[in-house]
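Below, read A as the first sequence line, B as the second, and so on, with proteins coming before strands; counting in each chain starts at 1. As the structure is a prediction and not an experimental result, all values here were calculated from the model.
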Amino acid sequence: MLDIKGLRASVGGNEILKGLDLTVNAGEVHAVMGPNGSGKSTLAHVLAGRPGYEVTAGSVAYKGRDLLSMAPEERAREGVFLAFQYPVEIPGVSNVYFLKAALNAIRKHRGQPELDAMDFLALVKEKSKVVDIDDSLVKRPVNEGFSGGEKKRNEIFQMAILDPALAILDETDSGLDIDALRIVAGGVNQLRSSDRAMIVVTHYQRLLDYIVPDFVHVLVDGRIARSGGKDLAKELEAKGYEWIEREVAAR
Amino acid sequence: MTTTAPVAGTDLYRAHFEALSADGAPAWVQSLRADAFLRFAARGFPGPREEAWRHTNVAPIAKAAFARAEPGGTVAAERLRQLDFGGAFTGWELVFVDGRFSPALSSASTYDGVRILSLREALATHGDQVRAHLARLAPPDDADPFRTLSLSLLEDGAFVELSPGVAPTAPIHLVFYSTGDPARPAATHPRTLVLAGRGSHATVIETYAGAEGGLYFTNAVTEIVVEEGARVDHFKLQREAEGAFHVSTLAVELHRDATFSDHNVCVGGALVRQHVEARFAGTGGDVALFGLSIGDGTQHHDTHTVVDHAVPHCTSRELYKGVLGGRSRGVFHGKIVVREDAQKTNAHQSNRNLLLSRHALVNSTPALEIHADDVKCKHGSTTGQLDPLALFYLRSRGIGEQEAKSLLTYAFASDLVSRITVQPLRVALEAFLHHRLPASPTEAAS
C-alpha cells in the first residue's frame with residue numbers, strides 16, 4: 001500500500017529525514033518509534049502533505065501512485081488520514097459540519113453520492129460509539145475548548161467517519177491519562193482491518209501495550225535504524241533509545 | 001450667500017442648495033441649511049493631510065460632479081425584494097429612492113405609540129419634536145464637513161418616534177436606494193432621526209443599496225436619542241453599488257439606564273467612510289457596537305468610532321472585524337473618551353482583521369483618552385492571515401483548498417453574524433456571505 005524509498009525532507013531549511021525507507025502493506029500496523037527530534041512527526045506530516053515540509057529526494061508510492069505529487073486534500077480523498085498530535089481548534093465551524101463537508105468531498109471523489117443530513121447523522125451516531133464521544137462535542141466548534149483527551153478522541157472519531165485506507169497516528173498517546181489512552185486505543189483497535197494499514201508514531205512503548213503492532217521501526221536521525229516485531233518495543237522500553245543511537249553512531 | 005469665496009469643490013453644491021430654497025420647508029429648516037451651507041462653503045472637503053482623514057482620501061468625491069438627484073427614480077420589485085431579505089421581512093418599511101420617500105413602495109403599518117414617517121412629512125406634522133433634536137447630535141462640524149454638507153442639503157429621510165414604554169416586536173426597516181445613472185451620477189443626503197421615549201424598545205434597520213453598476217454618492221446622517229431606560233437595537237447594511245461612494249454618520253445619545261446596540265455590516269461601495277458615535281448623557285448606560293466589513297477588489301472601507309463616557313457607571317463594548325481581499329483597504333479608528341467624572345466606566349474595544357491577500361492593507365488605530373482613575377478600559381487590535389495550520393487541518397480531511405479558505409473566513413466572521421437577532425436579516429446576511437465567499441458552506445455556524 002505504501003512504499004517509501006530514500007525519503008529526504010527539510011523543514012525551514014533543516015534536513016530532518018535523511019533517506020528513509022519503509023514499506024507498509026494493507027492490514028498491517030507499523031509502529032514508528034524514536035527519540036525526540038528523530039523525525040517521527042515530520043514523516044507523518046510529509047505523508048499528509050503539510051505545506052512547508054519540503055521533500056528533497058526519494059519517492060513515496062501509495063497504492064502505486066506518486067503520493068508526493070498530490071495536494072493534501074487529494075491524499076485525504078484517496079484514503080490517507082493523519083491523526084494530529086495537536087489537533088487544531090477552529091472556532092466558528094461546528095465539528096459536524098466540518099466532518100460532513102470532509103466526508104462528502106471524499107465520497108464525491110470516489111464517485112459515491114453525497115450523504116444527506118439524515119444519513120450523515122445516523123453515521124455520526126454509529127461512529128461516536130467507537131471512542132465514546134459525547135454528542136455535545138460533535139456539535140461544538142471543531143476542537144474548541146476540548147480537553148487534550150477529547151481532542152484525541154475527536155481525531156479517532158473523524159478517522160472512523162472518514163474510513164481511510166492508510167491511517168497515520170502522530171503521537172496519539174501524548175497527553176493522555178491511562179483511561180483516555182485505553183478509550184482511544186480501543187477505538188483504534190476497532191478500526192483495524194485487513195484492508196487498512198496503520199502507522200502509529202509514538203515516543204513511548206506504553207501505547208503499544210494497547211495497540212499491538214505487527215512491526216516496530218526505530219527512527220534515529222532521519223533514518224530507520226532498526227526494525228523488528230512487537231518485542232523490539234519492549235526491548236526499547238527496557239534499554240532506552242541510547243542503545244540504538246550509540247549503534248548508529250558507531251556505523 | 002456670496003460673502004466669502006467658496007473653497008474648491010464646494011461650488012457645485014451651491015446649485016443644489018439654491019434649488020432647495022423653494023421646497024416649502026419651515027423657515028427654521030431653511031435657516032439651518034443656510035448656516036450649514038455657508039460653513040461648508042468656507043470649509044470645503046477634508047484633505048489627506050488632516051489627521052482624521054489621513055488614511056482616507058476623499059478627493060474622488062470632492063472632484064466628482066454630482067448632480068442633484070432627480071425625482072421619479074424607481075426600483076424594480078424584484079430588486080426591492082432582495083433588499084427586503086428575500087421577502088422574509090415583516091415589519092414597517094420605508095423606502096427612499098434617490099433620497100426621496102416613496103409611499104408606493106413603503107409598507108407602513110400602524111401601532112399605538114409608534115410614529116414612522118418620512119422626515120419631510122414629520123417636519124409638517126411633528127415639527128416641534130424634529131426641531132428639538134434635528135442636527136443636535138450631528139451638528140455642522142468642521143472636523144467632518146460631510147455632515148455639514150448633509151445638513152445644508154437636508155431634504156428628506158426617516159423619522160421614527162416611540163412613545164414611552166412602547167415596545168413593538170416588529171422591526172423598522174429603512175431602505176435608501178440609489179438608481180445611480182452612470183451618465184448622471186447624483187448625490188443624496190438622507191437623514192434619519194429616531195427618538196426612543198422612556199422605557200421604549202425599537203429595532204431599526206437601515207439598508208443602503210443601489211442599482212448594479214450605479215454611480216452615486218450617499219451622504220447619510222442618522223441621529224438616535226435613547227431616553228431613560230429605553231433600548232434601541234440598530235442595524236446597518238451598507239451594500240451600495242460597487243462604484244458608489246458612501247459617507248455616513250451615526251450619532252447616538254443615551255440617557256440614564258439606556259441600552260443601544262449597533263450591528264454594522266459594510267460590504268458595498270468603492271469608497272466608504274463611516275462614523276459611529278455614542279455619547280452617554282446619563283449613568284447606567286450600555287453600548288455595544290459591532291461591525292463586519294468585507295472588502296475586495298479596490299474597495300476602501302473606513303470606520304471611525306467614538307464612545308464618549310461623559311458620565312459615570314456606563315459600559316461600552318466594541319468589536320469590529322474586517323475581511324480584506326484583493327487590493328482592498330480597511331481603516332479602523334476607535335476612540336474612547338472617559339471624562340473626568342466618568343468613574344466606574346467599563347469600556348472594551350477590539351478590532352480584528354483578516355487579510356486574504358498580500359495586497360490588502362489595513363490601518364487600525366485605537367485611541368484612548370482617559371481622564372478618570374477608577375475605570376476599566378481595554379482595547380486590542382489584531383491583523384493576520386488565515387491560520388496555515390488550520391487550513392492544512394481542513395485539507396488533510398479532504399476539504400479542497402478554496403473551500404477550506406472560505407470555511408475559515410466564514411468562521412472568522414461568524415460570531416458577528418450569529419449576534420444578529422433579527423432572523424430574516426441574519427439569514428440574508430449568511431446567504432450574502434456565501435455568495436461573496438465562493439464554494440463556502442451553507443450551515444457552517446454551529
Side-chain angles (χ1 to χ4, degrees), chain A residues 44-45 47-53 70-84 86-110 117 120 136-144 154-155 158-159 161-164 168 170, chain B residues 290 292 294 319 321-323 350 352-354 356 358 380 382 384-420 426-427 429-431 433-434 436-446:
Chain A
H45 282 98
L47 292 178
R50 181 164 170 186
Y53 283 55
M70 299 183 204
E73 55 269 36
E74 200 185 343
R75 298 180 197 202
R77 291 169 191 171
E78 287 288 336
V80 176
F81 180 91
L82 170 65
F84 281 55
Y86 304 109
V88 183
E89 298 193 8
I90 307 181
V93 180
S94 76
N95 226 351
V96 69
Y97 174 80
F98 158 61
L99 267 177
K100 184 162 171 260
L103 179 63
N104 280 334
I106 291 170
R107 289 180 65 91
K108 203 172 157 191
H109 181 77
R110 290 177 185 163
F120 180 72
S136 68
L137 290 185
V138 174
K139 287 178 182 153
R140 267 167 46 188
V142 179
N143 292 322
E144 193 186 35
N154 195 24
E155 293 294 287
Q158 291 176 27
M159 176 175 151
I161 295 271
L162 300 180
D163 192 26
I168 304 153
D170 186 12
Chain B
F290 301 109
L292 174 62
I294 299 180
L319 174 60
K321 286 190 175 182
V323 177
S350 173
R352 294 183 59 200
N353 298 294
L354 176 62
L356 296 178
R358 285 190 298 131
T382 59
Q385 292 154 351
L386 289 176
D387 176 7
L389 198 55
L391 201 53
F392 173 58
Y393 190 67
L394 295 176
R395 293 177 73 193
S396 79
R397 298 299 183 252
I399 296 171
E401 184 173 10
Q402 214 43 52
E403 192 185 348
K405 283 182 177 172
S406 290
L407 193 56
L408 291 176
T409 306
Y410 188 87
F412 174 80
S414 68
D415 61 334
L416 286 172
V417 177
S418 62
R419 273 177 211 276
I420 292 177
R426 191 180 62 245
V427 170
L429 182 59
E430 283 167 355
L433 290 178
H434 301 146
R436 212 30 207 269
L437 308 169
S440 68
T442 50
E443 47 181 300
S446 53

How close do [X] and [Y] get, heavy atom to heavy atom, and via which atoms?
{"X": "A/A83", "Y": "B/R397", "result": "CA-NH2, 4.3 Å"}
{"X": "B/R395", "Y": "A/E73", "result": "NE-OE1, 2.6 Å"}
{"X": "A/A76", "Y": "B/S396", "result": "CB-O, 3.3 Å"}
{"X": "B/A411", "Y": "A/V93", "result": "CB-CG2, 3.5 Å"}

Within the distance-only criterion (no hydrogens, no angle test), does the side chain of A/R77 pair as donor or acceptor with the backbone N or O of B/G398 below 3.5 angstrom?
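Such a contact is found between A/R77 side chain and B/G398 backbone.
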Check whether more than 12 heavy atoms from other residues, nucleotides or ligands sit under 6.0 Å from atom CZ of B/R358, and answer yes or no.
no
Quick check on A/F120: does its CZ atom have over 12 non-hydrogen neighbours (other residues, nucleotides or ligands) under 6.0 Å away?
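Enclosed: over 12 neighbouring heavy atoms sit under 6.0 Å from CZ of A/F120.
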Could you have a look at A/P72, A/G52, A/A71, A/A48 and say which one has the most heavy-atom pairs with chain B under 4.5 angstrom?
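Most pairs with chain B among the choices: A/P72.
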Starting at CG of B/D387, measure out to CD of A/E89 and round the result to the nearest 0.5 Å.
10.5 Å
Applying ring-ring contact (aromatic ring centres under 6.0 Å, His included), can you list everything that pairs with A/F98, at least two apart in sequence or on another chain?
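Only B/Y393 meet the ring-ring contact (aromatic ring centres under 6.0 Å, His included) criterion with A/F98.
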Tell me, side chain or backbone of [X] under 4.5 Å from chain B's heavy atoms, or both, or neither?
{"X": "A/E74", "answer": "neither"}
{"X": "A/P164", "answer": "neither"}
{"X": "A/V80", "answer": "backbone"}
{"X": "A/R50", "answer": "both"}

Begin from the C-alpha positions of B/F392 and A/V88 and carry the test side-chain contact (heavy atoms from CB on, under 4.5 Å) through to its verdict.
CA-CA 9 Å; B/F392 173 58; A/V88 183; over 6 Å; no
Counting only heavy atoms closer than 4.5 Å, note whether B/L391 contacts chain A via side chain, backbone, both or neither.
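When you check distances to chain A, no heavy atom of B/L391 falls under 4.5 Å.
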